[in-house]
Amino acid sequence: MSDKKQNEQQVILTDNSRQLPAQFFKKSHDLLFSQLSLSPREHDIMALLLSRLHQEHWQSYIDGTAIRAPAYQFKSDVLCEWLGVSSTNLYNTLSGPAENLANRAIGIRQPDRKEFDFVSLFKRLSYKDAVLTIIPNDELMKEYLGVSQGHAQVDHHVFRKLKKEHSKRLYPLLSRFKNEAHTLHPQTIEELHGFFGLLNEKGQLIKTSFTNNKVFIDRCIRQPIEEIAKHDPNLEFLVSDTGTFGYKAIKSGRKIAKVEFLYRWRRPVNKQEQAERVKLANEVAPLDRAEMVYDLVQQFVPGDSGNPSVEELNTMMMYTAQLMESGRALDADFMAKFSVAMSEAMG
DNA sequence: GTGTATGTAGTTCCAGATAC
DNA sequence: GTATCTGGAACTACATACAC
């Protein structure tokens with residue numbers, strides 16, 4: 001990595017794909033539940049930025065020694081590999097989505113007021129001399145960096161295989177809730193409209209055909225679930241009692257009022273996935289690592305080669321307050337599993 | 001960079017089902 | 001019986017891929 005200051009702005013250059021995480025990128029809870037509508041390519045560019053973002057890059061901006069938020073630069077080799085295109089088609093692939101993305105606004109939820117604030121995603125986004133430069137909007141620093149408040153850990157290999165816009169929106173949401181103690185509750189149709197970026201600043205549907213729930217569910221729920229199921233072997237979708245795959249429509253009278261997602265995450269079992277997880281654990285921040293160990297304990301399988309060590313378990317317990325804040329219950333059931341995990345680790 | 005082919009998203013319509 | 005909803009299908013508009 002060659003990080004340097006230019007005109008009092010931190011520049012984070014990515015000229016090798018190895019500078020990106022091997023398997024996962026993180027998306028903060030606030031970004032996840034924002035109102036945002038992006039095309040598939042725009043989603044890929046956003047995911048590339050999120051893969052590279054790290055709080056330490058913003059330190060000089062936070063402490064006032066830099067006057068602007070950091071600029072993230074990606075060279076063509078990295079872009080070609082990430083987007084899966086040849087260098088000759090890179091300009092065509094990037095020019096349209098980059099232009100659109102530069103003008104995108106994101107609706108950030110204001111829970112106290114039950115409102116959304118719409119804010120530009122980026123201060124600047126340009127592609128010149130085979131280098132993509134992205135300057136995130138510093139007004140969204142909390143949303144970009146706020147992974148300690150809870151985040152989705154998204155497999156970018158799977159994410160990049162997804163072709164549908166709504167699949168790329170739904171997959172991180174399902175990645176946010178990976179264990180049975182921390183589940184995604186049934187979502188109202190209105191909440192889902194917002195989640196899929198279908199509402200304007202007045203809360204009205206931008207795409208009028210989605211007032212028809214059948215169309216909305218078919219395009220935003222059913223088809224994305226089928227696509228995700230094809231590409232992620234660790235995510236198992238269940239069939240509802242009415243025969244729908246991966247979701248259940250909850251009706252109020254004859255109208256669909258809510259949608260419940262029916263899925264569970266399988267434990268990664270092969271050695272390569274295990275190795276990736278261990279590598280990730282060594283890369284991530286302590287709290288993120290604690291959350292990962294928590295999830296391992298929740299899904300504890302005796303004798304599994306990937307079970308946590310004594311050190312990992314002890315470190316996790318140093319973060320109990322933060323774990324509880326992020327919705328991870330340390331109840332009797334969890335502590336019973338923890339005890340078994342510790343016994344095995346010590347044995 | 002341009003032009004074209006292809007695939008996907010969004011819209012609309014109509015028939016049938018069902019709650020009131 | 002009526003109004004409203006779902007399911008199915010076909011169409012247009014837009015986004016993306018790719019050859020040149």
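The chains referred to below are lettered A, B, ... by the order of the sequence lines, with proteins before strands, and numbering in each begins at 1.
- Nucleic acid contact class of V85(A) (heavy atoms, under 4.0 Å, all strands): none.
- Taking atom CD1 of residue I221(A) and atom P of nucleotide dA9(B), one finds them 14 Å apart after rounding to whole Å.
- Using modelled atom types and a 3.5 Å distance limit, the side chains of S28(A) and D30(A) yield no donor-acceptor pair.
- One interatomic measurement links the two molecules: CD of E165(A) to C1' of dA13(C), which rounds to 14 Å at whole-angstrom precision.
- The separation between F216(A) atom CZ and dG7(C) atom P is 14 Å, rounded to whole Å.
- Nucleic acid contact for D218(A): none, since no nucleic acid atom lies under 4.0 Å from a heavy atom of the residue.
- Regarding contacts with the backbone of dT8(B), every side-chain N or O of H166(A) stays at 4.0 angstrom or more from both OP1 and OP2.
- Between E260(A) and K248(A), none of the side-chain N atoms (NZ, or NE/NH1/NH2) sits under 4.0 Å from a carboxylate O, so this pair counts as no salt bridge.
- We find that NZ of K163(A) is positioned 17 Å from C1' of dC14(C), with the value rounded to whole Å.
- Distances shorter than 4.0 Å separate none of the side-chain N or O atoms of S39(A) from OP1 or OP2 on dC14(C).
- In this structure, K164(A) reaches the dA9(B) phosphate: one of its side-chain N or O atoms is under 4.0 Å from OP1 or OP2.
- Straight-line distance from the CZ atom of R219(A) to the P atom of dT8(B): 11 Å, rounded to whole Å.
- No hydrogens or angles considered: a donor-acceptor pair under 3.5 Å links the side chains of Y72(A) and H57(A).
- Residues P40(A) and Y91(A) each lie close to DNA chain B; by heavy-atom proximity, the contact nearer the 5' end of the strand is made by Y91(A).
- When all heavy atoms of R169(A) and F195(A) are compared, the closest pair comes out as NE-O, 2.7 Å.
- Protein atom CD of E42(A) is 17 Å distant from nucleotide atom P of dT8(B), rounded to whole Å.
- Proximity of R41(A) to the phosphate of dA17(C): a side-chain N or O atom is located under 4.0 Å from OP1 or OP2.
- Going from atom CG of L170(A) over to atom C1' of dA9(B) covers 16 Å, rounded to whole Å.
- For E227(A) and dG7(B), the CD to P distance is 14 Å, given to the nearest whole Å.
- Heavy atoms from other residues, nucleotides or ligands lying under 6.0 Å from CD of E226(A) number more than 12.
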